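Worksheet: one structure, shown below.
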Protein chains: 2
Amino acid sequence: MDEKRKAPKLRDTATVVPLPRKPGAALTITDVAEFAGVSKKTVSRVLNREPMKAATRAKVEAAIETLGFVPNVQARALAFRKNFVIVLFIHDSTSPMAMKFQRGVLSAIADSELALAVRPVDRESPDLLADIETFLGRQKPMGAIFLPPLSERDDIGEMCQRLNVRYVRVGSAPLDMMSRSVWSNDRDVVTAVVRDIVARGHRRIGFVRGPSGFRSAREREAGFRQALQAAGLPVDEALMVDGHYSFESGVSAGAALLDAPHPPTVIFASNDSMAAGVTRAAHQRGLSLPRDLSIVGFDDNPVAQQIWPSLTTVHWPIAEMGALAARKLVPDMLLGAGEDAADLPSMVESTIIPRESLGDAKQGKSE
Amino acid sequence: MDEKRKAPKLRDTATVVPLPRKPGAALTITDVAEFAGVSKKTVSRVLNREPMKAATRAKVEAAIETLGFVPNVQARALAFRKNFVIVLFIHDSTSPMAMKFQRGVLSAIADSELALAVRPVDRESPDLLADIETFLGRQKPMGAIFLPPLSERDDIGEMCQRLNVRYVRVGSAPLDMMSRSVWSNDRDVVTAVVRDIVARGHRRIGFVRGPSGFRSAREREAGFRQALQAAGLPVDEALMVDGHYSFESGVSAGAALLDAPHPPTVIFASNDSMAAGVTRAAHQRGLSLPRDLSIVGFDDNPVAQQIWPSLTTVHWPIAEMGALAARKLVPDMLLGAGEDAADLPSMVESTIIPRESLGDAKQGKSE
DNA sequence: TTGTAGGCGTTATCAC
DNA sequence: GTGATAACGCCTACAA
């Protein structure tokens, strides 16, 4: 009785007017199949772009079009044992970079079936791995993206492989296999920036470090040292102070450098928040910028444009990295016909953004 | 044959050692049911907190615990026709507020089964409604949250009701039924701020508007006018200029006000980005802040602390609003045993954050 | 209060 | 290349 219930109903309507089997309910592949005169499985094959006869495909696609059929994501998720979701794991922080990255991911998946889920986790927590595993186990996402400093942990990558979850690790250096990495050339671009600084006559260059344990901090410091060496300048450890990527730590670092007996003429901070802090420390001391002190940052945060003077900085192409990470993660869903995942780059170039905060060294002060 | 296949297998193992029916597969409620000696439906009832005998519940919960069973979200989603997801619709912008709000939502759902999906949409697009409808139709979320300016459109709310999707509209004034609204008291707090400004001796108060069509902009302007009226001050339309909530529009607005023949001694900008722009315009003109000009903003963005001088502003409790919105949206999942959705507030108080940018009016300049 | 049968919309298996 | 039938893991309706 049940088996026969639908068929008659359908024959009355669907062959003429596209109507769902039940009033109020959405269309299913069964409707499409009947309308196109094929089996459910054939419709499924079209949805999943499996190889088939062109004519059949065209027929089904026409049916989908005229019926306005939209596949049910939940049902596919159940059958696939995968959710149509990308998870972005971020270390719980107020980082504007995480948001920029997120925007990049969203732009890449905007027209796809995919959704982005954001999951903040605490890298200090002893339950970090368990938290991530639970979330992945629940959501069964198509892929996961890890931002620094989470991305720097190899054990997270290994866990994903064990759980059979695709992932991409994002950072300031290659952290995993090419297909699982997106990174920026922090070291090289910092070297280039410092070269510019030296070319402007500066000899005493202060450096504010990022937090220890962050790969980005190490890379940027390495680039700094490399540039000094290349320029034949000594590395003065007294001009290198610690920071934690926070505005407040930038204020402290700036204070330490500026109150020293022989302060630098320019300070490079390993990110913009700290550069803004250094700027504040300079203002507090009545310095005129960039006349008395030049400041250079890294990130190209919104704040870089909004402080006075506006900050010469490195544009960290984090949004592009987000889009790239998404495309590497699910190439079959996000890449067009002609594109090939193997052609996707893994490294994205940072660029120097000249603004107001970097000036020439004063005559008397250089050297 | 098929029906019997599982049972014998299970009886051998599950009663002694908790093992999934198939090697490598996850446990299902069937496993839990057999282990606890009840039916699948009973386990389902426990998962959904339906009323049942305490002893049975305890037995099943013990089984879930010892087996480490985690329900399959996709299967539940398919059966419920609802995904365990909250969607946050944001107008595509670089707003730091959207991210703060997001953090609030995430904190509220952190320990639940729910995930947060973020969906940027373009409020200018003619397809706005269709875009949202498509996304809701695909994801079938447990609820949707709309941030300004999307939240100000009644048609979006009506569409959600038609689609049977719960929603919350967030804004600077009540926009919908209490149970579907979360808002802040923008008007009142601006009135209070302006009262403070007047108390400091200022009489010529500049005002930078938000974009027309934004409810928040109207509310903040209304609060401003109200305060002037209450103080017995005239409203000088020449001191009120337009802005778009952007840094650049703040620079232009600041320039317009400061280059006028008789400039104000203090400028209130309707958000912090514009206040930062006004600050820049003042710096460019060589003004000393707050001696020559006081500036007050609204939002308490990160930039408010990082510019020089730091910005006296209104703390817009957007993260709290995010957490509140989530809890109102799915109270049965996010509220504790003793809590009641009816007790949740709808309005969140903004507070004034005194920093450096607001000073007393100079003797000669006041009036 | 608990259990049984059937369905949610899709994909996988394995014939044809 | 295409189709019938059985999963996928849970919930709803209804029966006991």
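Chain identifiers are assigned alphabetically (A, B, ...) following the order of the sequence lines, protein sequences preceding nucleic acid strands; residue numbering begins at 1 within each chain. Keep in mind the model is a prediction, meaning the values are calculated, not measured. Reckoned from all heavy atoms, side chains included, excluding hydrogens, waters and symmetry mates.
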**Report entry** With sequence neighbours excluded, residues passing salt bridge (charged side-chain N to carboxylate O under 4.0 Å, His left out) with B:Arg76
**Finding:** B:Glu113
Report task. With a 4.0 Å heavy-atom cut-off, tell me which residues in residues 137-144 of chain A come close to DNA chain C, sorted by residue number. Result -> none
Query raised in the report: Ion pair present between A:Arg169 and A:Asp154, side-chain N to carboxylate O less than 4.0 angstrom?
Result: yes
Query - Residue-level proximity of residues 37-48 of chain B to DNA chain D when a heavy atom falls under 4.0 Å - result: B:Lys40, B:Lys41, B:Ser44, B:Asn48
Please output the side-chain donor-acceptor pairs of residues 328-341 of chain B that fall under 3.5 Å, not counting sequence neighbours, one pair per line with the distance.
from, atom 1, to, atom 2, distance (Å)
B:Lys328, NZ, B:Met178, O, 2.8
B:Lys328, NZ, B:Ser181, O, 3.1
B:Lys328, NZ, B:Ser346, OG, 2.5
B:Glu339, OE1, B:Gly336, N, 2.6
B:Glu339, OE2, B:Arg327, NH2, 2.8
B:Asp340, OD1, B:Ala342, N, 3.1

Query raised in the report: Residues two or more places apart in sequence or in another chain: which of them pass salt bridge (charged side-chain N to carboxylate O under 4.0 Å, His left out) with B:Asp131?
Result: none
Query raised in the report: With A:Arg138, which residues qualify under side-chain hydrogen bond (donor to acceptor under 3.5 Å, both in side chains), at least two apart?
Result: none
Query raised in the report: Can you check the A:Glu50 CD to C:dT10 C1' distance for me, whole Å?
Result: 12 Å
Query raised in the report: Looking only at atom types and distance, does a side-chain atom of A:Ser44 sit under 3.5 Å from a main-chain N or O of A:Lys40, one as donor and one as acceptor?
Result: no
Requested in this report: Rounded off to whole Å, could you give me the CZ-to-C1' distance for the A:Arg76 and C:dA12 pair?
Outcome: 14 Å
Query raised in the report: Relative to the ring of A:Phe146, is the ring of A:Phe89 parallel (under 30°), tilted (30 to 60°) or perpendicular (over 60°)?
Result: parallel
Query raised in the report: Counting any heavy atom closer than 4.0 Å, what does B:Pro51 reach on the DNA or RNA strands: base, sugar-phosphate only, or nothing?
Result: nothing
Query raised in the report: What's the spacing between B:Leu67 CG and B:Ile29 CD1 if we round to 0.5 Å?
Result: 13.0 Å
Query raised in the report: Would you find a donor on one side and an acceptor on the other, under 3.5 Å apart, between the side chain of B:Arg119 and the backbone of A:Ala110?
Result: yes
Query raised in the report: Can you name the side-chain contact (heavy atoms from CB on, under 4.5 Å) partners of B:Ser107, sequence neighbours left out?
Result: B:Ala323
Query raised in the report: If you fit an axis to the five pairs at each end of the helix from C:dT1-D:dA16 to C:dC16-D:dG1, how big is the angle between those two axes, to 10 degrees?
Result: 30°
Query raised in the report: B:Ala79 side chain: which of D:dC10, D:dC8, C:dT10 is closest?
Result: D:dC10
Report task. List in chain and number order the residues that pass side-chain hydrogen bond (donor to acceptor under 3.5 Å, both in side chains) with A:Gln139, two or more places apart in sequence or in another chain; answer none if no residue qualifies. Result -> none
Query raised in the report: For A:Lys82 and D:dG9, what is the distance between atoms NZ and C1' respectively, to the nearest whole Å?
Result: 17 Å
Query raised in the report: Just to confirm, is there a sub-4.0 Å distance from OP1 or OP2 of C:dC8 to any side-chain nitrogen or oxygen of B:Arg81?
Result: no
Requested in this report: Measure the distance from CG on B:Asp31 to P on D:dC8 and round it to the nearest whole Å.
Outcome: 11 Å
**Report entry** For DNA chain D, the residues among residues 52-60 of chain B that have a non-hydrogen atom under 4.0 Å from it
**Finding:** none
Query raised in the report: Can you check the B:Asn72 CG to D:dG9 C1' distance for me, whole Å?
Result: 6 Å
Query raised in the report: Looking at residues at least two apart in the chain, or sitting in another chain, which of them share a ring-ring contact (aromatic ring centres under 6.0 Å, His included) with A:Phe84?
Result: none
Query raised in the report: Taking only residues at least two apart or on different chains, which pairs with a member in residues 47-74 of chain B satisfy salt bridge (charged side-chain N to carboxylate O under 4.0 Å, His left out)?
Result: B:Arg45-B:Glu50
Query raised in the report: B:Gln74 CD to D:dC8 C1': how many Å, rounded?
Result: 10 Å
Report task. Could you check how far CD of A:Glu34 sits from C1' of D:dA4, rounded to whole Å? Result -> 14 Å
Report task. Mind calculating the distance between CZ (A:Phe80) and P (D:dA7) to the nearest angstrom? Result -> 19 Å
Requested in this report: Mark yes or no for whether B:His91, through its side chain, and B:Pro149, through its backbone, hold a donor-acceptor pair below 3.5 Å.
Outcome: no
